[in-house]
Structures are given as C-alpha cells and as structure tokens.
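To start, the structure under review is shown below, and the notes come after it.
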Amino acid sequence: MKDSVVDQHIEDKSVDVQREITKLCIECGLLLLQHGAESMLVEQLTTRLGIALGANQVDSAISSNSLVLTTIVDGRCLTSTRRIIDRGINMHVVTEVQHAVILVEHHLLDRQQLRKKLNSIKPLRYPRWLMVLMVALSCACFSSLNGGGLESAFITFLASGCAMFIRQVLTSNQINPLINFCITAFVATSVSGLLLKIPYFEVTETISMAASVLLLVPGFPLINAVADMFKGHVNTGIARWVMASLLTLATCIGVVLAMTIWNLREWA
C-alpha cells in the first residue's frame, strides 16, 4: 500500500513537471508568433526547448490565430492550446526568446529561471519622435533615389512624417490595421498632393506622392508568408499573404480616396 502511494506521488510529480514544460514551450511559441516570427522558427524553437527541459518529443500545429502544442514524456501526452493576439512585429522579442532557448540547452537556465526570463521579455519600443524622424528620412531618400529633387524629398519628408505620426496614434488606440493603413495612406497622399498644388512646387516631381506611402508596404508579412509556404506551413503562409494583400488594398483605397477628393495629379 505504501509503495503504491509513493508511486502515485512520483507519477503526480512527473505530470506536474510535464505540465510546466508544456506551458513554457507554448509560452515561448506564443511570444514568437505574436511578434512576427516565421512558423518554422517557432516549431524548431519550441521543440528544442521541450527536449532541453526533458520532454521526449514536442509536436506543434500552427494556424493564423492559434497555437496547439503537445509534449510527450514517458509515453504520456499533454496538449495545450493558445490564441494568438498580434502584438506587432518586434525582432527584439524574437531574439530574446532565441537567446533564452540557447541558455536552457546549455543548462544555464532551469524551468523557474526560464519562466522569469520569459516574463521579463518586453518589446523594445523606440521613442515616437525618433520613429517619425527616421521613417520620414527613409521615404525622402527613396524619393531622391528615384529621380526626385530636393523639393520632392522635402515634400516626402513632411508627408511621410505626418503619416507615420497618425499611424502611431491609431496603433496606440488599437484601431483595426486595415482602417489604420487606409487613413494613413489618405493622410500621406493628401499632404504630399496638396503641397504639390502650391505654385512653388508645381514643377516638382510627383514621385513624392508615391514615396510618402512607402512606410505602408507590408514587406515583413509578405516575406514571412513566402517563407512559411516554402517551408511547408502552407495554411499559415496563405493566411499571412491574404492579410498582407488586404493591407495593400487598404492602402490603395486611402490613396485613391485622397486623389479623388482633392483632385490631385497622378503619380508619374
């Protein structure tokens, strides 16, 4: 009787350990997916982490809005499911999670230390003014590289700076990304187009109108979509591709709306 009680206690402790391993693995995958990591990277890191913590096998199923993860320890399966909430692309979080997994693999972190490490990971946010300045400068440089003069670069700088500020304000208020992109494109096109109507800028190249909406190109989602499809995560890749296409469509609607309302010149 005593032996059976001891065995039951050991089995219960083993289940608790497996449950903790499963939670840590799925929290790792959730952090990665919420901040823009590709599906294959998520699958690899959660598997490596689970094995490093003592699991025999880790299997995961990734969709566009959920993560299902199963750990197998001594033939016993334990499955957990989490809903993915987009937190915005942030490679600082992805890098920190990768670093934490490597530390666990080298036995420099145990389960408790890993949990503290994951809880301490916060997205790196640059000051709003710095983001506005750098985005405006990059768009202005794009205008110059595509044949625009100083006046065109100046207009692009102002328009893209205003657009980036509006985008950040809408994002901080958790506005739907499609509406966000549409309004931001409208603002960028309106500012650049109306400046081009000023007599001093009448002969300025209209490349500034195109360059001012460069900040809305969904490059990272498109890259992740292609990477997912090439690496076997077709469903997730298609979902990301569709979302990137919808963001592009929203941008186009904002541009066309501004050009129609203000009767602006067409892009050269």
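The structure displayed is predicted, hence computed values, not measured ones. Count residues from 1 along the sequence.
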Counting N and O atoms only, with roles assigned by atom type, does the side chain of [X] sit under 3.5 Å from a partner on the main chain of [Y], one being a donor and the other an acceptor?
| X | Y | value |
| --- | --- | --- |
| Ser172 | Val169 | yes |
| Gln18 | Thr71 | yes |
| Asp86 | Gly88 | yes |
| Ser192 | Thr189 | yes |
| Thr248 | Ala244 | yes |
| Asn90 | His92 | yes |
| Lys197 | Trp262 | yes |
| Gln113 | Asp110 | yes |

### Task
Establish whether Leu247 and Met229 are linked, either directly or via other cluster members, by ILVMFWY side-chain heavy-atom contacts under 4.5 Å.
yes
### Query
With the 4.5 Å side-chain cut-off for hydrophobic clustering, are Ile62 and Ile89 part of the same group?
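Same cluster: Ile62 reaches Ile89 through Ile, Leu, Val, Met, Phe, Trp or Tyr contacts under 4.5 Å.
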For [X], does the [atom1] atom have more than 12 heavy-atom neighbours from other residues, nucleotides or ligands under 6.0 Å away?
| X | atom1 | value |
| --- | --- | --- |
| Gln174 | CD | no |
| Asn235 | CG | no |
| Leu246 | CG | yes |

Quick one: side chains of residues 28-38, donor-acceptor pairs under 3.5 Å with protein atoms, not counting sequence neighbours, listed by atom name and distance.
residue	atom	partner	partner atom	Å
His35	ND1	Leu31	O	3.0
Glu38	OE1	Lys231	NZ	2.8
Glu38	OE2	Lys231	NZ	3.4

### Message
Taking side-chain hydrogen bond (donor to acceptor under 3.5 Å, both in side chains) as the definition, give me every residue that meets it alongside Glu96, ordered by chain and number, with sequence neighbours left out.
### Response
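Once residues adjacent in sequence are excluded, the partners of Glu96 under the side-chain hydrogen bond (donor to acceptor under 3.5 Å, both in side chains) criterion are Lys117.
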### Query
side-chain hydrogen bond (donor to acceptor under 3.5 Å, both in side chains) with Ser39: which residues, sequence neighbours excluded?
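By the side-chain hydrogen bond (donor to acceptor under 3.5 Å, both in side chains) rule, Ser39 matches Asp228.
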### Query
Using a distance-only test with no angle check, is there a side-chain donor-acceptor pair under 3.5 angstrom linking Asn180 and Thr171?
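Yes, side-chain donor-acceptor contact under 3.5 Å.
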